[in-house]
Structures are given as C-alpha cells and as structure tokens.
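These notes are about the structure you will find just below.
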Amino acid sequence: MEEKINELSAEISRAKNNFLTGENYYVQHLLGAHRISEGNYCFRVWAPEAKAVFLVGDFNDWENTLSMNLDAEAGIWEIITDQPKEGDLYKFNVRQSNGREIMKIDPFAIRFEKRPGDAAVLYTIPEKKWRDGLWRGRSKRTNALKRPMSVYEVHASSWKHHEDGTPYSFGDLTKELVPYLAEMGYTHVEFLPLMEHPLGRSWGYQLIGYFALSSYYGTPEEFQEFVEACHLNNIGVFVDWVPGHFCINDDTLPYYDGTAQFEYSDPDRAKNVRWGSINFDLGKPQVQSFLISSALFWIELYHIDGIRVDAVSSMLYRDYDDGPWTPNHEGGNRNFEGYYFLQKLNSVIKLAHPNVLMIAEESSSETQITGMTETGALGFDYKWNMGWMNDVLRFYEMDPIFRKDHFNLVTFSFMYMMQENYILPLSHDEVVHGKKSLMHKMWGDRYKQFSQLRNLYTYFMTHPGKKLLFMGSEWGQFLEWKFDESLEWIDLNDSLNNRMQQFTAALNDFYKNQPALWELENTYDTIEIIDADNTSESVLSYLRQGKRKKDFLIVVLNMTPVERKDFHIGVPYPGTYKEIWNTEMEEFGGTWTKHNEDCESEPSAFKNYEQLIRTTIPAFGAVIFKPESIVLKRKNK
C-alpha cells in the first residue's frame, strides 16, 4: 500500500513539474476536480500568487469552510474532501495577491451550469465504447490532401429550433443534422466553438471553459454520440478553437490570482481592444500546457477529426490589434511567443494524432502557415484563403457592366493558389453585420441572384482548394444569419430556394465523383488556365486535371447576363466533349430543359491550343465539359 502511495506521489510530482515547464499535455488529469475514491474528490487549481483559496459550492452554502492547501513550488492549491456530491455546483473563492476575494471558475471544469450562471458542475463523463473504428482506420490510411473535402459550417444553437423557440441539443442534431449532411453530400461538418462561453452574442469566440462542452448544447455524452453518428455516415467533424484570447469576465480567467497569470504582464499586450477580450501569454509554459491539453482533450475525448484555430494573425503579430503596441526585441512586429507556440501546438498534436487536421483562420501573407515546422512554417495542414473570399465576393456583388474592369478579382488567386494548402471559405463572417447573405449579395433581380449564386458555387467547387460553406447558404437564405434564431427553413417552400438546395446537393456529389477536382489539388498539375483574358465578355475558362491523362474537366464561367452563342473554347486534345454540368438547367432553377449537344473539336488555334470546341454558354451560366472520346495527341502552340 505504501509503495502505491509513493508511486502516486511521484507521478503527481512529475505532472506538476511538466506543467511548470510547459510539457504536460494532459494537465486536466492533474488540475480540476477528480473523484479519487467512493465519495471522495480531489480539487486542484493553479493560482501561484493567491494568498488563500477556498472550495465553495452547493455543499457548503458557498461559505469559506473548505480551505485549500498550497504547494508553493508548483503554485497549485489542493484539497481532498467528501462533502461535494456528483452534480453539485462549485467555484474557487480566491483571495488574490492584493487581498481582494472573488469567486472564480474552475479553468479545468468539464461541465458548467447553464448560462447566465457560470459555476462548474461536479461531473464525471462515463467511458464510451466507440463504434467508429472503421472510419478512424480509413482516416489513418488516406491522405487528406488528395481527397475531396466539402465542409458545412454550423453554429450549433441556430441551425434549427424547436417549435417553442428552444435550440436543438446535440441529441436533436444527431437525429436531424447528421442525415441532412449525408443527404446534402457534405464530407465534413465544422462547428463554431462548442466550448463554454457566457454570451451567445460572441458566437462562442469568448471562451471561459476550455475543457467543457457548453451546457447550452447538451451533455458531453450527446456530443460523443453525434460525432460517432457522423463517422458512421462517413462524415468528419471539425471544431473551432480559440487559443489566442479569452473572455474578459472578472469571475473567469482574467487575473486569476490577482496578477497576470494567464495573460501577458504588459497591459497593452494583455488587452485585446478589437474583440474586448484578454490575450493569453503564449510564451508562459503553464499556459502552453493548458492550451495544448485543451486541444488534445477535444481530439481524444470526442474523436474530433480536425481543429480550426481561430484568429491566428492576432497571435502572430504584435500590431494586429487596434490598441497600442510595442516592437519586439528585434524592432519588428512579430510575436515570437505566438509563433513558437503555434509550431509547438502543431508538432505535439501531429506526433500524437498524425491524421487529425489542423486548420488556421489567418489573413496575412507574411508567414508560411502550412507545411513542416522544420522549414519555418507553422505546421498547419490548411489555411483559410481569406484573400480569395474577399476578392470573389466583391466581384459577384458588382454590377456586371463593371466586371470587365475588375476581372482580376476572380483570376488573381491563380497566381498564389499553391503557396499554401488552402480551404476556400464562404463562412459565417460573410453573412452578418450588414454584409448581407450570399444570395442577397448577388446583383440583379431574384432570378438573376440565384443564377449568379449557382455560378459562384460552381467556381468555388472547381477552383483548387478545399471547400467550406456556412449553413443556410446552401439554399440561398435571403436574410442574414442571426445567432439567436433558427435558420429560415420556411424558405424551402419557395421553388427557387428548394431548387437551389437541390443544386448544392448535386454539386457536392459532382465534386466528390470527379477526381480531377481534388486528386492533384496541391500541385500545379491540377489546373491549366484556358482563357483568363476575356475581360470584354467576362468569361473565364480553365481545365482541371486528374491523375489519368484522360481524366480532366473543362470549366467555363460566364459572369454576365448575356448568353454567349457559338462560343470558342480551347481544348487540349482532338475528339468529342460532352457537357456534364450546366447551372441553368430547369431542375436547378434555370430555364434550360436539355444540355448543349456534344462538341466535336476543330483543328483551329485558340491561344495555347491547336484545338477548340464551339458551344453556347448561358447568361450567368457555368458549364463543364468532359472528354467523351479523344485522341491523346497534344501539341500546344
């Protein structure tokens, strides 16, 4: 017995030492609340400069009757007690360094009471017997770069509401969202942050509980069941995560022990003016242990397939915020603490889970985001292509008469598309705060708006890069997204909305079934520009290539309301080309009842090609041709 006690003591000592050096990546097993025997719980909290800490809760009427003991070397307070019971609420009453007494949350709590309360719940998650081994094994054997990825971005509490106005829990989402994802042909779903947050208006980006599923969304067990159901339907699950900044609420993480504990000691660096939050000190070892442990916790407890790291630019650059800033020791704006933390984060996660995807929401071009850390990159698998998104939406909002003068907005991305591994995001950020929904952004009357939305989505799906579309955009919801209301599902009673939804589902299936759109996606072999200079007619054409020479697609996008008859398109080989996609088909909400006839190539020069085909391109239409019978003999000019 004594030997076991000594072993446990040594293990706890190692865990504390590793926490202090930033090398404890499972620190939730050390800190927080843990049942150690029948009826006995151990509570530990890191508050090195506190003068005293008391465990308070339902079990002692929130009075200072349970004083915690300090391990001064580790800065960790602890107590073992049999007073609390499963389901009780608790906090730590911290007597801070300046003598002020304040009840603080448990930073390692795995469950909180429903907001507006923020006390932790004493809660034990039962061990789950997972049934997704086939999915996880397949993920380990496949290369995500060479597979299709069409992501449906979801805010969990506003996808759908019950008739009484209450949002769906993950129990409800398992029954309805999972079949919807499968029906719509999505390969992945991505959630805005699911961790505990006190203000719904923050959409989850102002966190307090980095180890807790928000009680607003249901129980941890329900979310596990949701992920398993996704995997059983061949759908991956991503979750947004916010390691750069945290909620400013006084009773949560800020100045926990009265000093700059989780945040930078420099007030200018600690305060995030733009978002009204507090920045983590990413160079502090204990903070690194805290954040990396959080990421691994979500990956391992919930079998998450990927994490989208929010606001990476704010962690990389000292001058990213709107407030005052000071240069680094080299006189520049690089935040070295953030840079090296992100490299460490990705290295640790990739070592433990090579198949888990790390995704950066990052808006600058000064730092290599994707690629190996050994080359100076941050080690992410993917980066959101914010430049593509901004340019393209600006173009589609424009009156077509001016598009010829701004055609570079839809072609510029071809110049840098291989600099990173990109995800093309048509995300939640673009359909709020007066920016209008994607459908509402489109120029013209309602019919023209839907025509252009189909054109945009075809360009989106055929441009190199993985895909992400925010919920409601798949059927062209007209109203902006509202975080506290359900999507406008009533829209689907309208024929155009209904056919738009069918179009998006068909486009997802088309994308998955055409290897030319993803097999060689991270190489220049994947694309060949046919004509990006036809600004006068505003028609863009390019070729997407698969591994097999005969496996390619000819994509033609007409960005104007003028039908182009007898339109010439350069093709690489002589033979027959069949139209396999036309956005103006009647089934999608257009007016065409049949496809263009098959095209026989002509031995006539067109830019770099010695062969061309002639066809009709619908007004605001996007068409795609595939070789039906060709001769693989090519001689470009």
Side-chain angles (χ1 to χ4, degrees), residues 27-35 41-47 53-62 84-94 102-126 155-157 166-171 173 191-224 226 239-243 245-254 256 261-262 277-278 280 290-291 293-295 297-298 301-302 304 483-484:
V27 73
Q28 72 273 15
H29 298 318
L30 171 69
L31 300 175
H34 303 280
R35 184 164 57 191
Y41 289 86
C42 178
F43 295 81
R44 295 192 186 96
V45 62
W46 175 54
V53 179
F54 302 90
L55 174 65
V56 297
D58 292 337
F59 40 85
N60 63 357
D61 294 325
W62 302 90
K85 299 293 183 287
E86 194 83 0
D88 282 350
L89 301 181
Y90 73 94
K91 281 191 173 187
F92 297 117
N93 197 23
V94 180
I102 181 171
M103 288 189 188
K104 289 279 194 177
I105 66 165
D106 178 0
F108 290 89
I110 57 174
R111 189 146 175 77
F112 287 86
E113 63 177 324
K114 286 191 175 181
R115 55 182 187 248
D118 62 4
V121 179
L122 197 56
Y123 193 86
T124 303
I125 303 174
H155 178 249
S157 61
T166 58
Y168 275 21
S169 70
F170 268 104
L173 292 173
F191 289 101
L192 276 62
L194 300 176
M195 301 82 186
E196 193 61 70
H197 54 283
L199 182 65
R201 190 177 296 275
S202 78
W203 313 336
Y205 290 99
Q206 301 278 356
L207 301 182
I208 61 172
Y210 278 74
F211 294 81
L213 177 78
S214 175
S215 55
Y216 201 66
Y217 300 143
T219 67
E221 297 95 312
E222 284 179 308
F223 185 50
Q224 286 180 323
F226 175 87
V239 172
D240 286 9
W241 180 62
V242 191
H245 59 96
F246 54 91
C247 179
I248 202 169
N249 286 12
D250 195 32
D251 57 346
T252 59
L253 296 182
Y256 198 90
Q261 184 177 327
F262 287 93
S277 57
I278 303 290
F280 280 109
F290 172 77
L291 290 173
S293 294
S294 168
F297 173 84
W298 282 84
L301 182 69
Y302 296 112
I304 295 300
F483 75 93
D484 55 351

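In terms of heavy atoms, G200 sits closest to R115 at CA-NH2, 3.6 Å. Between P107 and V45 the shortest heavy-atom distance is CD-CG2, 4.3 Å. Heavy-atom minimum distance, V53 versus A47: CG2-CB, 4.5 Å. G218 and L213 get closest at one heavy-atom pair: O-CD2, 3.7 Å. In this structure, A120 and D106 approach most closely via the heavy-atom pair CB-CB, 4.3 Å. Nearest heavy atom pair, residue L291 against residue P243, reads CD1-O, 3.6 Å.
The aromatic rings of F43 and Y41 are tilted relative to each other, their planes meeting at an angle between 30° and 60°. Ring pair Y90/F92 is perpendicular by interplanar angle, where above 60° counts as perpendicular and below 30° as parallel.
If you take NE2 on H197 and OG on S202, they are separated by 5.0 Å, rounding to the nearest 0.5 Å. Taking NE2 of H155 as the reference point, atom CG of L194 lies at 9.0 Å (rounded to 0.5 Å).
Looking only at side-chain heavy atoms (C-beta outward), W203 and D240 stay at 4.5 Å or farther from each other. A 4.5 Å side-chain heavy-atom check between L30 and R44 finds at least one atom pair inside the cut-off. Contact annotation: the side chain of F246 never approaches that of Y205 to less than 4.5 Å [non-hydrogen atoms, C-beta and beyond]. No side-chain heavy atom of F290 sits under 4.5 Å from any side-chain heavy atom of Q28. The shortest distance between side-chain heavy atoms of I125 and P220 falls below 4.5 Å. Put simply, the side chain of M103 does not reach to within 4.5 Å of the side chain of D251, judged on heavy atoms. Looking at heavy atoms from C-beta onward, L253 lies out of side-chain contact with C247 at the 4.5 angstrom threshold. A 4.5 Å side-chain heavy-atom check between S157 and Y217 finds at least one atom pair inside the cut-off.
The ring-ring contact (aromatic ring centres under 6.0 Å, His included) with F211 is formed by just one residue from the set Y123, F112, W241, F297; it is F297.
With sequence neighbours excluded, the residues satisfying salt bridge (charged side-chain N to carboxylate O under 4.0 Å, His left out) with D118 are K91.
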Discussion item. Test side chain to side chain contact (heavy atoms under 4.5 Å, CB included) on M195 and Y210; report intermediate values, then the result.
Written reply: CA-CA 6 Å; M195 301 82 186; Y210 278 74; 5.5 Å; no

Practice prompt. Could you please spell out the steps behind the side chain to side chain contact (heavy atoms under 4.5 Å, CB included) verdict for I304 and F223?
Written response: CA-CA 10 Å; I304 295 300; F223 185 50; 3.9 Å; yes

Worksheet item: Passes side chain to side chain contact (heavy atoms under 4.5 Å, CB included), C42 versus R35? Steps please.
Response: CA-CA 6 Å; C42 178; R35 184 164 57 191; over 6 Å; no

Practice prompt. Check the pair T252 / K104 against side chain to side chain contact (heavy atoms under 4.5 Å, CB included), numbers first and verdict last.
Written response: CA-CA 5 Å; T252 59; K104 289 279 194 177; 5.9 Å; no

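A donor-acceptor contact shorter than 3.5 Å links the side chain of H34 to the backbone of L31. With hydrogens and angles ignored, the 3.5 Å screen pairs a side-chain donor or acceptor of Y256 with a backbone N or O of I105. Under the 3.5 Å distance criterion, the side-chain polar atoms of E196 are left unmatched by any main-chain donor or acceptor of L207. Looking at E113, its side chain does come within 3.5 Å of a backbone N or O of A119 through a donor-acceptor pair. For the pair R111 (side chain) and L122 (backbone), a donor-acceptor distance under 3.5 Å is absent. For the pair D58 (side chain) and L89 (backbone), a donor-acceptor distance under 3.5 Å is present. Without hydrogens or angle criteria, S293 side chain to V27 main chain gives a donor-acceptor distance under 3.5 Å.
The ring of F191 has its center closer than 6.0 angstrom to the ring center of F226.
A cation-pi geometry, defined here as NZ or CZ lying under 6.0 Å from the six-membered ring centre and within 45° of its normal, does not hold between R201 and F483.
Checked by atom type, the side-chain pair T124/E86 shows a donor-acceptor distance below 3.5 Å.
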